[in-house]
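Some notes on the structure that comes next.
Computed from a predicted model, the values in this text were never measured in an experiment. Start at 1 with the first residue, then count along the sequence.
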Amino acid sequence: MPGIVIVGAQWGDEGKGKVVDLLAERADLIVRFQGGNNAGHTIVRDGEEFKFHLIPSGILYPDKTCAIGNGVVLDPSVLLGEIDGLRRRGVDVANLRISANAHLIMPYHVLLDTAGEVKLGKLSLGTTRRGIGPCYADKALRLGIRVQDLLDEKILRAKIRVALEPKQQALRELSVHRRKLRKEAGEGTRQGGDQSVAEAPDPRLDLHAMSEEFVSYGHRLEPHIADTSRLCWEALDDSRTVLFEGAQATLLDLDHGTYPFVTSSNPIAGAACVGAGVGPADIDEVWGVAKAYATRVGAGPFPTELDDDVGRHMLERGHEYGTTTGRERRCGWMDLVALRYAVRLNRMSALAITKLDVLSGIETLRLAVRYRSKEGAVLDRFPYHQSILHSVEPEYEELPGFEADIAHCRSEEDLPAEARTYLEFVSDFVGVPIQLVGVGPGRDQIVWTGSTAGLAAS
Ligand code: IMP
């Protein structure tokens, strides 16, 4: 099947990286289509750990082409750090391609992201502070700097000049606001605290220095810059397999997620077309990745969130700390109302369920099958209204848990009956077959369950 999209089915951190890594073995081209270095995943290969934020992990296969599509926002300093890190470890990055149309995260985007969050105070979204939102905002405002601009020094300088001026103004205002708040809080002019908040004039906002820095990035990235849409077309027209790798997840989607507690891009399958430059008919399969429970980082509604020993069990057993920010993730039961919504929105053809091993040792497993609104109405569907979602109570189906450690299981028959019942319940409820199940962090710790089981042999 030549065009396969992989998306997160919950609030991110579902373990997409591992699923992409497994499917990449069968693909020719792997393309990231949205997000930026707000994403992060760890791949363990031959006992070595690799952390990725921007480059598709397919780069670890020497014969695969990996592309960063036009829909990605790219911080060149982070990308170059990743390239250098891989090179130091002997990984050849010659097959990395970067879309000339991808937008660049500039230093002022990072500063604005942080300053905006600080200004929001208690109402902050809990962004990763990597400049994602401000960069996409500039893209929509047509003030963005694109990868191709790195190739023309004159254009680059002119564009930075135009984009920078309103940022300096905005950051000055945010800085004044911050100082006022400090004063009100009796902190006087004490320095310290959140040093990352912009205090203009800031040397990081110097037009000349910034332009020089980005020109030098351009020199280094030039060999990788390409027309990545064309790469996709050529591969697809040639019946080669292209994997479209999503970052973040469905419920963080700018349009369909729990707005405003979302990211600033569209992580759903439909966005693969826009973010990689292919047509809907190029997509043959959509794989959704969901954890066997649920997690969320940052603020926003999370109906099945647990604040008890089971939640702590998930946090500790699942090592639920962010790869990008190190933040503790909020944990809860699997939410089938939300998952069914994600299945339909992405028109998923397959599901991968990760981290099933984390549930072992929990006596009774719960799965949210409907919500109840605060007025008592039964809600079978994911509510579109923010206020309703914020106050719903989930209602659960209870299933018996399993005691056994399942980390060694490699086939469906190896799994305890209770684990199989749990998976069956999920699949039946959402109406999509489960193709693979993760039973541990290692690459081999998987159980292929569906018709694609043959992939396991490759
Ligand atoms: P931003 O994408 O940095 O603007 O953050 C917006 C929201 O998306 C915050 O709640 C983040 O915690 C969340 N978020 C962004 N990237 C990821 C991710 O890769 N995994 C999980 N949550 C994410």
Side-chain angles (χ1 to χ4, degrees), residues 34-38 71-78 101-147 149-150 155-185 187-215 217 248 252 254-255 259-266 298-300 324-325:
Q34 45 71 228
N37 59 309
N38 46 350
V72 171
V73 286
L74 189 155
D75 185 328
S77 64
V78 174
N101 289 348
H103 279 247
L104 295 173
I105 296 180
M106 306 296 290
Y108 44 78
H109 292 139
V110 181
L111 293 171
L112 279 169
D113 197 357
T114 300
E117 283 285 274
V118 171
K119 180 165 188 217
L120 282 171
K122 281 199 198 110
L123 299 176
S124 75
L125 307 175
T127 75
T128 59
R129 301 190 177 195
R130 298 297 189 268
I132 308 296
C135 184
Y136 278 116
D138 264 359
K139 176 177 176 175
L141 281 170
R142 286 143 302 170
L143 278 179
I145 318 282
R146 295 189 293 172
V147 167
D149 298 324
L150 295 173
I155 289 183
L156 180 67
R157 273 178 213 283
K159 287 199 176 180
I160 295 181
R161 180 180 295 114
V162 173
L164 188 57
E165 208 265 335
K167 310 302 182 305
Q168 281 168 327
Q169 175 69 19
L171 283 163
R172 257 196 302 275
E173 279 164 20
L174 286 164
S175 167
V176 168
H177 175 82
R178 173 109 179 108
R179 272 200 295 272
K180 212 171 114 203
L181 283 183
R182 275 210 203 118
K183 212 166 159 194
E184 278 168 15
E187 291 179 39
T189 53
R190 182 174 65 82
Q191 290 299 303
D194 195 344
Q195 284 298 317
S196 54
V197 176
E199 298 271 356
D202 186 317
R204 291 168 294 185
L205 295 177
D206 180 77
L207 172 66
H208 180 71
M210 199 184 298
S211 305
E212 291 294 302
E213 185 187 346
F214 277 72
V215 165
Y217 292 150
Q248 291 83 47
L252 291 176
L254 182 60
D255 288 78
Y259 191 90
F261 302 99
V262 293
T263 191
S264 298
S265 66
N266 293 105
T324 303
T325 58

**OP:** Would you please say whether a donor-acceptor pair under 3.5 Å links the side chains of H103 and D138?
**Re:** no
Heavy-atom closest pair (V72 atom, A102 atom, distance to 0.1 Å) is O-CB, 3.6 Å
When rounded to the nearest 0.5 Å, the distance separating CG of L143 from SG of C135 is 11.5 Å
>> Test your reading of the model: is there a side-chain donor-acceptor pair from S124 to the backbone of L120, 3.5 Å cut-off?
In response: no
request  = Check whether any side-chain N or O of K167 sits under 3.5 Å from a backbone N or O of A163 as a donor-acceptor pair, and report yes or no.
outcome  = yes
- Below 4.0 angstrom, N of the basic side chain to O of the carboxylate: do R129 and D113 qualify? no
>> Quick one about Q248 and N38 (side-chain donor to acceptor, distance below 3.5 Å, no hydrogens or angles considered), yes or no?
In response: yes
- Query: R172 side chain to A170 main-chain N or O, any donor-acceptor pair under 3.5 Å?
  - Reply: no
One should read off an interatomic distance between L125 CG and E117 CD, to the nearest 0.5 angstrom, of 5.0 Å
Q.
Within the structure provided, determine whether I132 and V73 are in side-chain contact (heavy-atom separation under 4.5 Å).
A. yes
Keeping Y136 on the side-chain end and G35 on the backbone end, is there a donor-acceptor pair under 3.5 Å? yes
Separation between CG (N37) and OG (S77), nearest 0.5 Å, reads 7.5 Å
d(I160 CD1, E165 CD) to nearest 0.5 Å is 14.5 Å
Nearest heavy-atom approach of L254 to Y259 is O-CD1, 3.4 Å
Taking every heavy atom of V262 against every heavy atom of L252, the minimum-distance pair comes out as CB-O, 3.2 Å
Minimal heavy-atom distance between I105 and R130, with the atoms involved, is CG2-O, 3.5 Å
d(E212 CD, R157 CZ) to nearest 0.5 Å is 5.0 Å
message = Under 4.0 Å between a side-chain nitrogen and a carboxylate oxygen: does that hold for K119 and E173?
response = no
Output for pair (D75 CG, Y217 OH), nearest 0.5 Å, gives 7.0 Å
* With no hydrogens and no angle check, is any side-chain donor or acceptor of D206 less than 3.5 Å from a backbone partner on P203? -> no
All heavy atoms of G133 vs all of S264, minimum pair found to be CA-OG, 3.2 Å
ask   = Does a side-chain heavy-atom distance below 4.5 Å link L205 with M210?
value = yes
